[in-house]
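Single-structure report; data block below.
Whatever order the structure lists them in is the order used to number ligands and atoms, beginning at 1.
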Amino acid sequence: MFELEAPLIARREVASGMWVLAFRAPEVAAAARAGQFVNILLRPGPLLRRPFSVYRAEAELVEVLLKPVGAGTAELAALALGDSVSVLGPLGSGFQLDQAAGSIALVSGGLGVAPMPLAARAAAELGLKVHWVHGARTAAHLCSEWEGSQVHWATDDGSRGLRGSALAAIPEGMGQVLACGPNRMLASVAARFPLAQVAIETYMGCGTGVCLGCAVPRTSGVYDRACKEGPVYQASSIRWAELPQHLHYGLGP
Ligand SMILES: Cc1cc2nc3c(=O)[nH]c(=O)nc-3n(C[C@H](O)[C@H](O)[C@H](O)COP(=O)(O)OP(=O)(O)OC[C@H]3O[C@@H](n4cnc5c(N)ncnc54)[C@H](O)[C@@H]3O)c2cc1C
Ligand code: FES
C-alpha cells in the first residue's frame with residue numbers, strides 16, 4: 001500500500017456526466033490488480049478519503065471513473081490539470097480469475113463498470129474469451145469505452161442493446177462471471193450465478209481495516225470489512241437484504 005501526492009494528468013468524459021480522471025501515481029499503478037480500489041483525499045476538501053475502484057493502471061497513471069454525486073465527487077470532477085490529491089492504495093482484495101474457465105462475463109450496471117477494464121486485461125492475459133456486458137439507463141449513460149472480444153449492451157429504455165438490465169444480456173455458457181453495480185442488481189446476479197464474484201459498495205471510513213465502518217454481512221454469520229476482506233466476494237456469501245440499496249452504484253446508470 002502506498003500513499004502518494006498524485007497530480008491530475010488527464011480527464012475525459014466517457015458517458016453523460018461520467019468522467020475518467022488519470023492521476024500520476026507510479027507505485028500504485030504498478031501494484032494495482034483488478035477489483036482493488038484507491039482511497040482519495042482532497043486538500044482542502046471533505047475530511048474523509050473517498051474510495052474509487054481502479055479503472056485502469058498503466059504507464060505510471062491510475063485512472064478512476066466517477067460521476068459527481070456529493071461534495072467529494074463534485075470537487076474531484078472540478079479539479080484542474082496539475083492539481084494534486086493524496087492517493088492511498090491499492091486497497092482491498094481483487095477478483096480471482098480462473099484460467100480454466102475458458103470464457104468470462106464482465107457484468108456491470110452504470111458506474112459499476114469501473115473495475116472492469118482491469119479485469120478484462122487480466123482475463124485476456126490468461127487467454128479467456130472476454131464478454132463485456134454493460135447496462136445503463138439510456139444509450140447516453142453507457143460507458144463508451146469497453147474491452148474484450150465481444151460486447152453486450154443493455155438499456156432500461158431500449159435505446160441501445162437489449163431492453164432491461166445488464167443481467168438480461170449475459171450470454172449462456174459463461175465459464176466465469178464477475179459483476180459490479182447497484183447492490184440490488186448484484187443480489188439478482190447472486191440468485192442466478194451463486195459462484196459469481198461481485199465487487200460491492202458499502203459506506204467506508206478509513207479504508208484500511210481500522211474503523212469497522214464498512215461491515216459486510218456474510219451468510220456464514222460473520223461481518224467482514226469491505227475494505228480489507230472485500231470489496232470482492234463470492235455472490236452467494238452475502239446477506240444482500242442487509243446491505244444499503246441506495247448507494248451510488250445504486251443510483252444507477
Ligand atoms: C470499494 C468502493 C469502490 C467505489 N468505486 C467507485 C467508483 O469507481 N466510482 C464512483 O463514482 N464511486 C465509487 N464508489 C462510491 C464513492 O466512493 C462514493 O460515491 C463517494 O465516496 C461519495 O462521496 P461524495 O463526497 O461525493 O458524497 P458525500 O457528499 O459524502 O455523500 C453523498 C452521498 O454519498 C453517500 N456516500 C458517502 N460516502 C460513501 C461511500 N464511501 N460509498 C458509498 N456512498 C457513500 C452518502 O450516503 C450520501 O448520501 C465506491 C465505493 C466503494 C466503497
Ligand atoms: S472502512 Fe474502516 S474498516 Fe473498512
N/O donor-acceptor pair under 3.5 Å between [X] side chain and [Y] backbone:
{"X": "R225", "Y": "V216", "answer": "no"}
{"X": "E63", "Y": "V20", "answer": "no"}
{"X": "W153", "Y": "L142", "answer": "no"}
{"X": "D224", "Y": "G230", "answer": "no"}

Using a strict cut-off of 4.0 Å, indicate which atoms of ligand 2 neighbour a heavy atom of [X].
{"X": "C206", "value": "1 (S), 2 (Fe), 3 (S)"}
{"X": "G205", "value": "1 (S)"}
{"X": "V210", "value": "3 (S)"}

Suppose we measure from atom 1 (S) of ligand 2 to each protein heavy atom; which comes out shortest, and what is that distance?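 Its nearest protein heavy-atom neighbour is G207 N, 3.2 Å.
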Name the closest protein heavy atom to atom 3 (S) of ligand 2, giving the residue it belongs to and the distance to 0.1 Å.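 Protein heavy atom with the smallest distance to atom 3 (S) of ligand 2: L212 N, 3.1 Å.
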Distance under 4.0 Å to a non-hydrogen atom of [X]: what atoms of ligand 1 satisfy this?
{"X": "T202", "answer": "40 (C), 41 (N), 42 (N), 43 (C), 53 (C)"}
{"X": "L66", "answer": "11 (O)"}
{"X": "T73", "answer": "24 (P), 25 (O), 26 (O)"}
{"X": "S53", "answer": "3 (C), 4 (C), 5 (N), 6 (C), 7 (C), 8 (O)"}

Any nitrogen or oxygen of [X], main chain or side chain, under 3.5 Å from a nitrogen or oxygen of ligand 1?
{"X": "A71", "result": "yes"}
{"X": "V69", "result": "no"}
{"X": "A74", "result": "no"}

I'd like to know if the side chain of R43 pairs up with that of S84 as donor and acceptor (distance under 3.5 Å, no hydrogens or angles considered).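 No.
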Under 3.5 Å, is there a donor on one side chain and an acceptor on the other for S237 and R218?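 Side-chain D/A pair, S237 to R218: present.
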Measure A114 to ligand 1 on non-hydrogen atoms and call it side chain, backbone, both or neither using the 4.0 Å cut-off.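 A114 to ligand 1: side-chain contact only, backbone stays beyond 4.0 Å.
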Is ligand 1 under 4.0 Å from a heavy atom in the side chain of L65, in the backbone, in both, or in neither?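 Answer for L65: backbone.
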For G221 and R239, work out which heavy atoms get closest and say how close.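 The answer is CA-NH1, 3.6 Å.
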Flag C214 as yes if one of its N/O/S atoms falls below 2.8 Å of atom 2 (Fe) of ligand 2, otherwise no.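 It does not; every qualifying atom lies at 2.8 Å or beyond.
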side-chain contact (heavy atoms from CB on, under 4.5 Å) evaluation trace for Q176 with Q197: CA-CA 8 Å; Q176 194 172 14; Q197 291 173 42; 3.1 Å; yes
Go through the steps to decide whether M18 and L66 satisfy the test side-chain contact (heavy atoms from CB on, under 4.5 Å), and finish with yes or no. CA-CA 6 Å; M18 203 158 89; L66 60 84; over 6 Å; no
Under 4.0 angstrom from ligand 1, any heavy atom of L111?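 True for this residue.
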Do any of the N, O or S atoms of C227 sit under 2.8 Å from atom 4 (Fe) of ligand 2?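 True for C227.
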Among W19, F37, Y55, F52, which residue places a heavy atom closest to atom 12 (N) of ligand 1?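 It is F52 whose heavy atom sits nearest to atom 12 (N) of ligand 1.
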Tell me the nearest of E63, E201, M18, M204 to atom 43 (C) of ligand 1, using heavy-atom distances.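 Nearest heavy atom to atom 43 (C) of ligand 1 lies in E201.
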Structural part of T208 in contact with ligand 2, heavy atom criterion under 4.0 angstrom: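 Neither; no heavy atom under 4.0 Å.
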Take R50 and E75 through the salt bridge (charged side-chain N to carboxylate O under 4.0 Å, His left out) test and state the conclusion after the steps. CA-CA 11 Å; R50 299 295 193 250; E75 285 177 41; over 6 Å; no
With a cut-off of 6.0 Å (strictly less than), are more than 12 heavy atoms of other residues, nucleotides or ligands near CD of Q99?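 Atom CD in Q99 is not packed in, count stays at 12 or less.
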Could you give me the CA-CA distance, side-chain angles and deciding distance for S86 and R49, then say whether side-chain contact (heavy atoms from CB on, under 4.5 Å) is met? CA-CA 9 Å; S86 166; R49 289 178 181 274; 2.9 Å; yes
